[in-house]
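Order of appearance sets the numbers: ligands from 1, and atoms from 1 within every ligand. This structure is a prediction, so every number in the text was calculated from the model and none was measured. All values below were derived from every heavy atom in this structure, side-chain atoms included, with hydrogens, water molecules and symmetry-related copies excluded.
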Amino acid sequence: MWACDNCRTSLCEVAFGVHAEPAADGPQVSWLAMAVRCVECGRCAGVTDVVVPALPLAEVGRAI
Ligand SMILES: [Zn+2]
């Protein structure tokens with residue numbers, strides 16, 4: 001189980017961001033970013049991003 005390194009709280013917020021470009025069969029995602037932040041003290045516990053090969057935005061939304 002995750003716990004904040006600063007205050008040991010086990011609750012966090014997870015935020016996702018995507019870059020999507022229009023395509024004939026719907027927006028395609030080419031980049032994803034994710035960040036985790038402690039809800040108690042606000043400390044950012046991690047952020048990462050990844051380049052992905054043209055994933056349909058609707059599929060990415062369902063998976064998140
Ligand atoms: Zn914390």
Side-chain angles (χ1 to χ4, degrees):
M1 177 170 54
W2 178 84
C4 175
D5 288 342
N6 189 49
C7 71
R8 309 308 303 163
T9 293
S10 61
L11 296 174
C12 65
E13 296 172 329
V14 180
F16 292 90
V18 301
H19 173 78
E21 295 187 17
D25 53 349
Q28 301 289 301
V29 174
S30 59
W31 176 78
L32 296 162
M34 184 183 86
V36 175
R37 185 176 75 105
C38 175
V39 299
E40 182 65 27
C41 72
R43 184 179 191 148
C44 182
V47 61
T48 191
D49 71 323
V50 63
V51 174
V52 295
L55 300 173
L57 180 58
E59 182 179 319
V60 171
R62 283 191 297 272
I64 292 175

* So how far is it from Ser10 OG to Trp2 CH2, rounded to the nearest 0.5 Å? -> 8.0 Å
* Asked: Apart from Trp31 itself, which Ile, Leu, Val, Met, Phe, Trp or Tyr residues share its cluster (side-chain heavy atoms under 4.5 Å, direct or through members)?
  -> Val51
* Pairing residues for Glu40 by the side chain to side chain donor-acceptor pair (under 3.5 Å) criterion, not counting sequence neighbours -> none
* Out of Leu32, Val18, Val60, which one pairs with Val52 under the side-chain contact (heavy atoms from CB on, under 4.5 Å) rule? -> Leu32
* Show all protein N/O/S atoms under 2.8 Å from the Zn ion (ligand 1), or state that there are none. => Cys4 SG, Cys7 SG, Cys38 SG, Cys41 SG
* To do: Determine which pairs satisfy salt bridge (charged side-chain N to carboxylate O under 4.0 Å, His left out) with at least one residue from residues 45-64, sequence neighbours left out, and list them in order.
  => none
* To do: State the CD-CD distance between Gln28 and Glu21, to the nearest 0.5 angstrom.
  => 9.5 Å
